[in-house]
Every structure is written in C-alpha cells, then in structure tokens.
Amino acid sequence: MNKTAPTVTALAIAALLLTGCSSQSATNGSTAAAPEATAAAKAATATDADAATPEPAAEALSAEDAEFIEGARPQLERYSDYGDLPDAEAIELGHEACDQLEDGVARDDVKLLEESRDAESGVYPSSNVLRAWATEVYCPEFSS
C-alpha cells in the first residue's frame, strides 16, 4: 500500500483549508474580510452615516407666514435695528400687532420691540414695519 497518496491528500486538504483562512484570495488577489469584521464595518459605516445626516430642518413656514416674512424682512433690514430678528419671533410679533390693534391700540402706537419713536414720523420704526405687514397678511381688517 502506498503511504504517499494519503499523505499528499492530507497535505492538499490542509493547504486548501489554510488558503481559505488567509486574507488573500487566490483568484483576484483582493483582501477577503471575515464575516464578523464585515458586519462590524457595516455597523460603523451606518453609525458614521447617521452622524453625518443633518438634523431635520425646522418646520416649514405656512404660506401666510412666508408671505409675512418675505414682505417684512427686507424692510426690517433696511429701516430698523432689527434686521436680524429671527423669523419665528417676527411672526409672533406680527400676531401680537394684530392683538394690540384688536384691543384698540392706535396704529402708530403699536409697540412690539424696545425702540424709540422716530422723531420725524412719530412711529416705532421696527414695530411699524411688523404692524404694516401683519395688517397686510394676518389681520387685513385693520389695514388702511
């Protein structure tokens, strides 16, 4: 009986097993990753992608609020010290202007922000801009 055939077969099987566990693929020379490493890499990639995903934007403005901001913003920037007033605050103040008018406050006396009356016009400049756009958009019954 030939003892070399089983020995050669055993060595061939051992070589195949060792080759399958190596990091080099015999067919294309690429590095093959163990399944555990691949799963960990996918999890890390998903975590990295989640971290890179920006927070959802603030709620979109209603058409009415967008119209108010679109009209008021350029005038606030041009005629007042409140050009950088956040949209949400400007919208809230626009509604406050309507509330004041509803309570009987005269148009020129609506005061929404800490500011002095304009010496020439007698109005509060920033408040006047917000009041004017509020009556245009939110409470047209007070529009002149």
Steps toward side-chain contact (heavy atoms from CB on, under 4.5 Å) verdict (Q100, L112): CA-CA 9 Å; Q100 287 186 32; L112 304 167; 3.5 Å; yes

Check the pair D109, R131 against side-chain contact (heavy atoms from CB on, under 4.5 Å), reporting the backbone distance first and the verdict last. CA-CA 10 Å; D109 293 334; R131 190 251 334 130; over 6 Å; no

Set out, in order, the CA-CA distance, both residues' side-chain angles and the distance that settles side-chain contact (heavy atoms from CB on, under 4.5 Å) for V105 and D99, then state yes or no. CA-CA 9 Å; V105 175; D99 292 344; over 6 Å; no

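The shortest side-chain heavy-atom distance between V110 and V123 does not fall under the 4.5 Å cut-off.
Scanning all heavy atoms of the two residues, the minimum distance from S80 to L76 falls at OG-O, 2.7 Å. Considering all non-hydrogen atoms of both residues, A134 and F68 come closest at N-CE1, 3.5 Å. The shortest non-hydrogen separation linking L113 to S126 is CD1-CB, 3.5 Å. Between P74 and I69 the shortest heavy-atom distance is CD-O, 4.1 Å. The two residues I91 and Y138 make their nearest non-hydrogen contact at CG2-OH, 3.5 Å.
Both L93 and V137 belong to a common hydrophobic cluster when Ile, Leu, Val, Met, Phe, Trp and Tyr are linked at side-chain heavy-atom distances under 4.5 angstrom. Side-chain heavy atoms closer than 4.5 Å link hydrophobic residues (I, L, V, M, F, W, Y) into clusters, and following such links, possibly through other members, connects V129 to L85.
The side-chain contact (heavy atoms from CB on, under 4.5 Å) with W133 is formed by just one residue from the set Q75, R73, E70; it is Q75.
Remark: Y79 OH to N128 CG distance equals 11.5 Å, nearest 0.5 Å.
Judged by distance alone, with hydrogens and angles left aside, the side-chain atoms of R117 form a donor-acceptor pair with the main-chain N or O of D108 at under 3.5 Å. A donor-acceptor pair is defined here as one N or O able to donate and one able to accept, closer than 3.5 Å; such a pair exists between the side chain of E115 and the backbone of S127. Between the R107 side chain and the F142 main chain, a donor and an acceptor come within less than 3.5 Å of each other.
At most 12 heavy atoms of other shown residues, nucleotides or ligands fall within 6.0 angstrom of atom CD in E114. Around CG of D118, the count of heavy atoms belonging to other residues, nucleotides or ligands within 6.0 Å exceeds 12. Atom CD of E77 is surrounded by more than 12 heavy atoms from other residues, nucleotides or ligands within 6.0 Å.
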